[in-house]
Amino acid sequence: MFIYAGTVADAAERIKEPGFFEACAERFSALHRQSVGTEERQSWERSWPALLEALVAAGAHKVHLLLEYLLPGTGERVDALLLGRETGSGELTAVVLELKQWTTARRHPGGSGLLRVGQRDALHPCRQVGGYVHYLTHWLPENLGLTVRGAAVVHDAAAEFADMLRAAVKDQPSGAFPLLARDDLLPLPNAEALASRLGCDGLHELLPGQVQVFLEAHHRPSAKLLNRFAATVSGHDGFTLIGDQDRARQAIHAALRPVGNDTRRKLVVITGGPGTGKTAIATRTLGDLCLRSGANPRLMSPSGTLTQQLLRAVGPQAKGLISTLGSSARGLTEQSVVLLDEAHRARTGRRFRRTRHSPLLISMLQNTAALVLFLDERQIIRPGEGTTLPELQELAAEMGADFQHIDLVVQFRCSGSQAYQRWIDTLFSTAHTHEPWAGNDYDLTVASCPCALDTWVGKHIATGNSARITAGFCWPWNAPDRPPLPPEVSLPCHHASTPHTWARPWNLRADRTSPSAPRVPGRVYWATDDGGHEQIGCIYTAQGLEYDYGGVIIGPDLIRVQGGWEAHPERSHDPAMRSVSPADYLVYALNTYRVLATRGTRGTCLYSSDPATQRFLRSLQPDQPGQSAADASLTMPVPRPDRCDEVVRGG
């Protein structure tokens with residue numbers, strides 16, 4: 001897809017027409033089903049004329065131009081793509097051009113790949129070019145005979161600023177791509193020199209039909225790319241599978257293997273609770289599939305946070321192979337296998353259906369050889385999310401697909417403690433009574449106050465472990481997308497000689513870390529990067545990830561009353577929960593706190609802002625004898641030590 005296509009000469013004339021940019025904005029809305037932002041529209045109006053002026057001056061009148069060309073495998077857009085025939089060979093050549101209006105930027109402390117532009121973080125334009133060139137080189141068929149070049153065009157940049165940008169990537173692979181500043185876009189000493197700088201020298205008009213051949217070419221990863229990814233995954237410690245996990249991996253391959261003349265599509269569902277290794281199995285299976293003849297697999301997830309963490313782990317070559325749900329759905333073939341991790345988070349619930357089954361799942365199953373879903377129904381945390389095993393069985397039957405179910409029983413996260421997993425599953429359920437925690441293979445604690453919870457996390461950080469605090473979405477979240485962050489999660493602390501208020505900020509809204517505050521990691525890296533323990537994460541930040549020790553603040557949206565749990569959706573600040581009934585909200589709240597309480601691989605510390613619920617939690621500790629009937633604990637007094645570092649420890 002693209003916003004505009006035509007020769008450079010045609011574009012240079014059309015851009016002078018009063019309605020040109022408005023027509024482009026309308027096409028953008030029609031293609032992407034969203035309006036173009038004001039900032040992006042302004043960038044078109046500033047960058048396109050500057051580019052076309054340079055291309056005309058370079059004599060590239062007959063070269064074909066695509067504006068805002070979408071890379072189907074990634075969901076990303078190339079600002080401008082030139083297409084032409086090479087002198088002599090006549091082979092098709094594409095030139096990627098990344099356009100920037102920048103006049104100033106600062107180096108990012110996180111590395112040469114990032115820059116600080118105004119108040120936001122941005123990828124270096126040469127690095128962007130490198131990514132696009134890599135994609136077009138490795139995702140288009142070899143018989144297309146495509147040669148790919150690229151350049152970054154910072155058309156308003158002065159020479160000194162351009163030199164800084166070039167120096168930032170001088171020793172990096174992306175430094176091989178030219179960066180053109182304002183003076184570089186002049187036809188000096190002649191038009192041929194300008195054409196060479198732009199990468200369009202020696203390019204001629206395309207033959208009839210060549211543009212269509214390029215646009216209709218099927219995008220799929222090359223064998224070289226697939227082999228490289230498979231080698232990376234197989235050698236990565238984070239994706240080593242053992243026991244139940246490896247059995248599940250082998251069972252997936254067995255389920256996908258055709259039997260005799262059976263050509264039916266496959267629907268495979270892997271179910272398992274937190275820590276059973278669903279993501280590791282999905283990633284390792286993707287690596288296996290990459291080695292299959294004619295492979296064109298994908299690993300998708302509804303979670304942008306999980307996707308970014310996986311791409312960080314396996315490297316940029318996985319872009320397109322691993323993506324957020326929907327962004328790489330194009331380019332799939334009838335031979336493709338799609339692995340859908342965190343399927344419980346996909347928008348496949350009844351709110352997004354007009355038919356009996358999810359249109360998204362129907363489409364994915366219709367257009368692939370196999371669909372493999374990794375599912376935990378008890379991680380459905382908001383309206384419109386998720387599907388169920390019975391629904392998927394019905395879907396397979398109605399579509400004539402072969403159905404296989406693989407259940408993961410053994411979990412590896414919470415020190416491998418099956419006892420803790422069962423205990424926490426029961427705790428955050430509608431069961432009326434609960435047994436005290438009696439396990440000795442997992443560090444479960446209940447903090448006496450928020451300060452004690454904070455101290456517990458700090459002690460683990462000081463000993464070199466990773467630790468985080470999460471909370472229910474029960475406090476305002478009005479922070480800007482850059483530091484400093486206001487302390488919006490606020491709780492009274494009465495367990496001290498002088499009562500006071502304990503408060504911490506939510507995690508950063510932006511995906512990337514701010515250079516001005518390196519200890520405030522971007523949202524997608526809150527669970528893993530330094531300083532994340534100083535902010536409070538929520539369910540959307542933590543789900544799918546893990547750390548050594550996890551503190552959990554149960555907010556006033558879920559309280560313990562005589563007879564069981566009671567939900568209060570009116571106390572939630574989550575916009576997704578507006579108009580949700582208390583009965584429905586109870587399911588989401590129980591699932592949410594179950595997820596938060598299973599992020600810690602070695603230990604969990606609980607604290608409730610509601611006094612009765614706090615007494616209930618403390619009654620489940622082994623040093624509170626005779627209180628296995630949880631409801632009897634609701635009248636127990638809570639000890640009030642003079643210090644704010646008391647933690648009631650169990651196990």
Side-chain angles (χ1 to χ4, degrees), residues 71-75 139 218-222 225-226 229-230 233 239 248-249 251-258 263-272 278-304 306-307 310-311 314 318-348 352 357-376 385-387 389 391-393 395-396 398-406 544:
L71 299 177
T74 68
W139 281 74
H218 196 78
H219 290 238
R220 59 184 299 169
S222 68
L225 178 63
L226 292 170
F229 176 80
V233 171
F239 304 114
R249 171 192 173 199
I252 292 171
H253 289 308
L256 296 178
R257 193 175 298 121
T263 58
R264 291 183 298 167
R265 293 183 174 88
K266 312 286 186 181
L267 178 58
V268 183
V269 181
I270 295 87
T271 56
K278 296 185 294 296
T279 297
I281 296 168
T283 309
R284 187 61 187 269
T285 302
L286 177 65
D288 297 338
L289 294 172
C290 286
L291 298 176
R292 284 192 175 189
S293 176
N296 188 24
R298 301 288 192 280
L299 171 56
M300 302 181 189
S301 170
S303 168
L306 180 59
T307 299
L310 284 175
L311 288 172
V314 298
K319 207 163 193 178
L321 288 172
I322 299 176
S323 68
T324 51
L325 180 61
S327 63
S328 66
R330 307 174 189 87
L332 297 174
T333 66
E334 293 186 353
Q335 292 77 43
S336 294
V337 175
V338 171
L339 307 163
L340 179 55
D341 194 15
E342 301 261 302
H344 40 268
R345 297 192 63 183
R347 292 188 171 190
T348 53
F352 294 99
H357 297 292
S358 162
L360 173 65
L361 297 180
I362 292 173
S363 175
M364 294 179 78
L365 190 56
Q366 283 177 334
N367 294 299
T368 60
L371 177 60
V372 183
L373 279 73
F374 295 81
L375 177 68
D376 180 1
E385 283 188 349
T387 186
L389 186 62
E391 288 176 338
L392 293 169
Q393 289 176 303
L395 173 62
E398 291 181 14
M399 296 188 65
D402 180 56
F403 181 83
Q404 295 287 332
H405 172 222
I406 301 165

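This structure is a prediction, so every number in the text was calculated from the model and none was measured.
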Qualifying residue for side-chain contact (heavy atoms from CB on, under 4.5 Å) with I406, from V268, V372, T271: V268
Just how far is it from atom [atom1] of [X] to atom [atom2] of [Y], taken to the nearest 0.5 Å?
X: E342; Y: T307; atom1: CD; atom2: OG1; result: 9.0 Å
X: E334; Y: T368; atom1: CD; atom2: OG1; result: 9.5 Å
X: T283; Y: L321; atom1: OG1; atom2: CG; result: 11.5 Å

- request: Quick one: list whatever passes side chain to side chain contact (heavy atoms under 4.5 Å, CB included) with A396, sequence neighbours left out.
  value: L267, A401, F403
With distance as the sole test, does [X] use its side chain to make a donor-acceptor pair with the main-chain N or O of [Y] at under 3.5 Å?
X: S222; Y: W139; result: no
X: R265; Y: L365; result: yes
X: S336; Y: N296; result: yes
X: S363; Y: P359; result: no
X: K278; Y: G272; result: yes

query: How would you list, by chain and number, every residue that makes a salt bridge (Lys or Arg N to Asp or Glu O under 4.0 Å) with R249, sequence neighbours excluded?
result: D246, D288
query: Who are the salt bridge (Lys or Arg N to Asp or Glu O under 4.0 Å) partners of R264, not counting sequence neighbours?
result: D262, D402
A side-chain contact here means heavy atoms from C-beta on lying under 4.5 Å apart; do [X] and [Y] qualify?
X: L361; Y: L392; answer: yes
X: F374; Y: T279; answer: no
X: L373; Y: M364; answer: no

